[in-house]
Amino acid sequence: QSLRTQLKFLSIFGAILAVIVGLVGFICARKMHAGELAIMLHSKAQTNQVHADMLHDGIRGDVLYALLNANSDQAVRVSIREGLEEHASLFRESLEDNARLELPEHIRQEIAALRPTLDAYLASARNMVDLAFTDVNAATAGLAQFEQDFSELEGPMESLSGKIEA
């Protein structure tokens, strides 16, 4: 074989090797990008869920704060009601943000199944705040039911958190 033939062979072999290395690099870069997107999605879902869980507790705090301030002036009452509504709105928003993410279907179904329990909890919280400012004895008597409503939402929230973390 001549030197020219050997150089052609080595050139062709080098070009094929470069294409293979390039393809492997391209495939690895795509897989890494897909992994990064999955990590970002998972992180966003966890952040939303932690925020929703904190708001679940925050709404409970609003109710207890209303009970402690049952005899306060109108400005404090307005502030407590506004705080409750802000927390309720942010709670819904956090769950809806997760519902809009490209999460697995079983998680999205669990979010949808949680909505009626959330609605009942928010209605119970609003009722408790209203009662605290109109009939503190009735509000105190209703606290056990409110705690039950809180707990009924707590279980599904924990379940949802676990599935997002998995």
Side-chain angles (χ1 to χ4, degrees), residues 27-166:
I27 291 167
C28 288
R30 284 183 56 113
K31 285 185 178 184
M32 283 178 33
H33 181 67
E36 289 171 358
L37 292 176
I39 289 170
M40 288 173 31
L41 174 70
H42 188 75
S43 176
K44 180 65 177 161
Q46 282 185 318
T47 299
N48 291 340
Q49 186 61 22
V50 166
H51 191 236
D53 193 45
M54 289 188 320
L55 290 162
H56 175 235
D57 293 326
I59 290 167
R60 181 185 195 191
D62 292 333
V63 168
L64 297 175
Y65 190 56
L67 284 169
L68 289 173
N69 289 281
N71 297 319
S72 61
D73 63 34
Q74 188 62 25
V76 172
R77 292 176 180 197
V78 167
S79 175
I80 292 170
R81 282 191 170 107
E82 287 174 351
L84 173 62
E85 291 307 318
E86 180 181 5
H87 292 151
S89 174
L90 291 172
F91 193 170
R92 282 188 191 283
E93 186 178 313
S94 292
L95 288 177
E96 292 308 316
D97 284 349
N98 270 353
R100 286 188 291 273
L101 292 175
E102 293 296 321
L103 295 169
E105 187 60 30
H106 71 280
I107 292 176
R108 296 172 71 162
Q109 289 174 353
E110 191 154 339
I111 292 169
L114 189 94
R115 288 182 183 118
T117 309
L118 172 62
D119 292 341
Y121 174 63
L122 295 178
S124 179
R126 288 180 179 111
N127 182 55
M128 285 295 294
V129 168
D130 289 342
L131 278 176
F133 298 144
T134 58
D135 185 352
V136 71
N137 292 330
T140 303
L143 189 56
Q145 178 60 49
F146 174 75
E147 289 295 333
Q148 183 178 339
D149 295 338
F150 175 86
S151 295
E152 285 178 13
L153 184 57
E154 190 171 35
M157 289 289 291
E158 286 178 13
S159 173
L160 182 58
S161 292
K163 287 180 181 173
I164 289 172
E165 289 173 11

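Scope of the values below: all heavy atoms of this structure, side chains included, with no hydrogens, waters or symmetry mates.
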Does CD in Glu102 sit with more than 12 non-hydrogen atoms of other residues, nucleotides or ligands closer than 6.0 Å? no
Over 12 foreign heavy atoms within 6.0 Å of OH, Tyr65: no
Taking all non-hydrogen atoms of both residues into account, name the closest pair between [X] and [Y] and its distance.
X	Y	result
Ser94	Ala52	CB-CB, 3.8 Å
Arg108	Leu103	CD-O, 3.2 Å
Leu95	Leu160	CD2-CD2, 4.1 Å
Ile59	Ala125	CG2-CB, 3.5 Å
Ser72	Asn69	OG-O, 2.7 Å

Once you round to the nearest 0.5 Å, how far does [atom1] of [X] lie from [atom2] of [Y]?
X	Y	atom1	atom2	result
Thr140	Leu131	OG1	CG	9.5 Å
Arg81	Asp130	CZ	CG	5.0 Å
Asn98	His51	CG	NE2	12.0 Å
Met128	Leu84	CE	CG	11.5 Å
Ile80	Glu85	CD1	CD	13.0 Å

Can any side-chain N or O of Ser161 pair as donor or acceptor with the backbone N or O of Met157 at less than 3.5 Å? yes
Applying salt bridge (Lys or Arg N to Asp or Glu O under 4.0 Å) as the test, list every pair that has at least one member in residues 50-78; sequence neighbours left out. Arg60-Glu147
Salt bridge (Lys or Arg N to Asp or Glu O under 4.0 Å): pairs with one or both residues in residues 110-124, sequence neighbours excluded: Arg92-Asp119, Glu96-Arg115, Glu110-Lys163
Using a 3.5 Å cut-off and no angle test, enumerate the donor-acceptor pairs between side-chain atoms of residues 38-46 and protein atoms at least two apart in sequence or in another chain.
residue: His42; atom: ND1; partner: Ile164; partner atom: O; Å: 3.2
residue: His42; atom: NE2; partner: Ile164; partner atom: O; Å: 3.4
residue: Lys44; atom: NZ; partner: Asn48; partner atom: OD1; Å: 3.4

Relative to each other, are the rings of Tyr121 and Phe91 parallel, tilted or perpendicular (30° and 60° limits)? perpendicular
Ignoring hydrogens and geometry beyond distance, is a side-chain donor-acceptor pair present between Glu152 and Thr117 at under 3.5 Å?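 Checked: Glu152/Thr117 side chains show no N/O donor-acceptor pair below 3.5 Å.
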